[in-house]
Each structure stands twice: as C-alpha cells, then as structure tokens.
There are 2 protein chains.
Amino acid sequence: MDDRTLRRYELRAELFKALAHPIRILLLEKLRERPWCVCELAAEVGIEKSVASKHLSQLKSVGLIADEKRGTLVEYQLVAPCVLDMAACAEGTILEQRRKRLGIAAAE
Amino acid sequence: MDDRTLRRYELRAELFKALAHPIRILLLEKLRERPWCVCELAAEVGIEKSVASKHLSQLKSVGLIADEKRGTLVEYQLVAPCVLDMAACAEGTILEQRRKRLGIAAAE
DNA sequence: CAATTGTTGGGAAACATTGCAACTTTAGGG
DNA sequence: CCCTAAAGTTGCAATGTTTCCCAACAATTG
C-alpha cells in the first residue's frame, strides 16, 4: 500500500466525516435553498449558534460551503451542490439494501 | 422540522459515518476486485483481524457489503458498488474545492 | 457605549478505535 | 472420537475524538 493511495483514502474519509452528522446534512439542505447567516440557521435548526458555527466551520474546512462577511453577519453558501445528490444517493442505497435484506429474510 | 425528515437525515449520516474511515474505504476498494475473507483483508491492509472484523461489521450493518460463511472462513463481498463512485466523487469534489481556494488565494 | 453576530475555549459526556485475550465454530489428523 | 489449529467474533480496558453547553471574547453597527 503506497502512501499516496492511503492519503487519497484519508482525503475521502475526511469528506465523508464532514457529512456524517444529521445536523450537517440538514444545514447543507437549507443552504441549497439560498445563502443563510449563522443565526438564521441556528434558529431554523433549533441549536445553539456556537454549535451551528462549529458545524458550518467543519463543512467549510472540507470546501463544501463558503462564507462571506456582511457587517456583523456571516453568510454561508453552498459551493458543491453535488454532494447533496450524493446524500440522496446514500439514502437510496441504504433503503434499497434494507429492502433487499427484508425480502431475503421473508423468503427464507 | 418533522420527524420523518430528521430520520432520513440520520439515515444518510449513518451511511456517511460508515464511509468516514480510510481503512473502511480501503476495504471497500479491495472488495471491488473480488470477495475476500477477513484474514486475507487483515493481512493485506496490515491490521489485526479483530479490527478488520469490526470494520467489516460496520460496513455490513449499513448494507454496503454482505458475508457468506465457507467452512471456517467468512467471505465478504461488495453489495453496493455505487458507493465507490461516490467515494471517487468525494475525492474529486474536495480536490476541486482545494484547487479553487488556492487559485483565489493566489489571485488576491 | 450597548446590542447583535460569530467565533473560540474549557469541561463533561458520549462515542470510536485499537490491541489483547477469551470464546465459538469448523476442519482435519491421529 | 478427541485434540489441535485456524478463522472470526465479542468483550474489556485504554486512548483518542466528537459533540454539546456555557461563558468569554472579537468585530461591527447605530
């Protein structure tokens, strides 16, 4: 196993880690509609703004969203909408597998 | 936020969590080639077989792989190859964003 | 200056990862 | 049949990481 390959898998894992929390997926879905500032998102999702800020910072650190300061606000916007298709695909995959397993279990 | 939507996001997050470790991505890549048993994979990746077993169990629990007993061996096989395209897409996304940010940084 | 918006840090609780040891199951030799 | 070896899984303890809340801080507006 060469180091370059390992590094690539670490990179992929980092992005999946950023997506591995329901709140972060919800935040991304909101950002698909339009840009939002932190306090709007925190209120919408029902969490502390410090928590929202940290989740958004994680998403930003892997390059999925970008921020822009406007006075005292920080507006976040979606940069890589393709990941949301990935998220929908993830749901499809997991549901399909679940159905298959149930089907097999029923058939046995 | 209705509960059903939240549940869907939790489901997606679960699948991403299963993908959020470089060793698990590597295991999936190996399983794309052909079915492998646990001890082969452990040797190939260079980890304890108990660790390999646990990682594989996680991947199985979200329905990405399936197992089949053959004597004393347990052979794992890939069930949802589409997630590997997702993994490659993840890498593409993150690299593209990184390039963009570097480009902007250089231009400023 | 006061109010609003975000970010950052500490501490606690929950969760994830690893290595080791114990255990189960199967195959095969005597 | 009994014993041993090999393959996997599971439990435990140690360590590291995530997540949350709260409080403190920085920055901007009016």
Side-chain angles (χ1 to χ4, degrees), chain A residues 1 6 9-28 30-31 34-79, chain B residues 1 6 9-28 30-31 34-79:
Chain A
M1 245 295 275
L6 181 60
Y9 293 165
E10 282 170 355
L11 213 73
R12 297 182 189 188
E14 267 175 47
L15 193 131
F16 286 129
K17 209 180 293 183
L19 293 169
H21 195 290
I23 288 182
R24 288 196 287 275
I25 294 180
L26 176 51
L27 290 172
L28 287 172
K30 286 293 160 194
L31 289 172
R34 60 172 175 84
W36 296 65
C37 70
V38 179
C39 69
E40 279 179 315
L41 284 170
E44 180 82 11
V45 175
I47 55 178
E48 290 281 324
K49 66 184 176 167
S50 70
V51 174
S53 173
K54 279 168 188 169
H55 281 304
L56 291 165
S57 155
Q58 281 182 74
L59 292 170
K60 183 184 158 194
S61 80
V62 293
L64 292 176
I65 61 179
D67 61 345
E68 195 171 346
K69 297 192 203 322
R70 292 194 189 289
T72 74
L73 312 173
V74 175
E75 218 173 59
Y76 279 93
Q77 59 185 294
L78 192 54
V79 163
Chain B
M1 245 295 277
L6 181 60
Y9 293 165
E10 281 170 357
L11 214 73
R12 297 182 189 187
E14 266 175 47
L15 192 132
F16 286 129
K17 208 180 294 183
L19 294 169
H21 195 291
I23 287 181
R24 289 196 287 274
I25 294 181
L26 176 50
L27 290 172
L28 287 172
K30 286 292 161 197
L31 289 172
R34 59 171 176 84
W36 295 65
C37 70
V38 179
C39 68
E40 278 179 315
L41 284 171
E44 180 82 12
V45 176
I47 55 179
E48 289 283 324
K49 65 183 177 166
S50 69
V51 173
S53 173
K54 280 166 190 170
H55 282 304
L56 291 165
S57 155
Q58 282 182 72
L59 292 170
K60 183 186 158 193
S61 79
V62 294
L64 292 176
I65 62 179
D67 61 345
E68 195 171 347
K69 297 193 203 321
R70 292 193 189 289
T72 76
L73 311 174
V74 175
E75 218 174 58
Y76 279 93
Q77 58 184 296
L78 193 53
V79 163

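On a predicted model such as this, the values are computed, not experimentally measured, just so you know. Naming: A, B, ... by sequence-line order, numbering from 1 per chain.
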Between R70(A) and E40(B), just flag the one whose closest nucleotide in DNA chain D comes earlier from the 5' side. E40(B)

Distance in angstrom units between K49(B) NZ and dG19(C) C1', rounded: 13 Å

Should the side chain of K54(A) and the base of dG6(C) be counted as holding a donor-acceptor pair, with the cut-off at 3.5 Å? no

Whether S50(B) contacts dT9(D) is assessed here as follows: a side-chain N or O lying under 4.0 Å from the phosphate OP1 or OP2. Is that the case? no

How many whole angstroms separate atom CD of E75(A) from atom P of dG6(C)? 10 Å

D67(B) side chain near V38(B) side chain, heavy-atom distance below 4.5 Å: no

May I ask you to verify if any side-chain N or O of H55(B) is less than 4.0 angstrom from the OP1 or OP2 atom of dT18(C)? yes

Please tell me if Q58(B) has a side-chain N or O lying less than 4.0 Å from either OP1 or OP2 of dT17(C). yes

Would you indicate what I23(A) reaches in the nucleic acid, counting non-hydrogen atoms under 4.0 angstrom: base, sugar-phosphate, or nothing? sugar-phosphate

Let me confirm one number: the NZ-CD distance from K17(B) to E10(B), rounded to the nearest 0.5 Å. 9.0 Å

Give the intermediate values and the outcome of salt bridge (charged side-chain N to carboxylate O under 4.0 Å, His left out) for residues E68(A) and R70(A). CA-CA 6 Å; E68(A) 195 171 346; R70(A) 292 194 189 289; 3.7 Å; yes

Would you compute the distance between atom CG of L31(B) and atom CG of L26(B) and round it to the nearest 0.5 angstrom? 9.5 Å

Just the rounded figure in Å: distance from C1' of dA13(D) to CD of E48(B). 15 Å

Distance test, side-chain N/O of S53(B) to OP1/OP2 of dG8(D), below 4.0 Å: no

On the nucleotide dT19(D), are OP1 or OP2 found under 4.0 Å from the side-chain N or O atoms that R24(A) carries? yes

Taking only the side-chain heavy atoms of T72(A) (C-beta and beyond), determine which of dA7(D), dT29(D), dT18(C) contains the nearest atom. dT29(D)

Which is true for K69(B) with a 4.0 Å heavy-atom rule: it touches a base, it touches only sugar-phosphate, or it touches nothing? nothing

N or O in side chain of H21(B) less than 4.0 angstrom from dG16(D) OP1/OP2: no

If you compare every side-chain N and O of Y76(A) against the phosphate oxygens of dT5(C) (OP1, OP2), does one of them come in below 4.0 Å? no

So, the side chain of W36(A) versus the backbone of K30(A): is there a donor-acceptor pair under 3.5 Å, distance only? yes

Contact under 4.0 Å: K17(A) side-chain N or O vs dT17(D) OP1/OP2: no

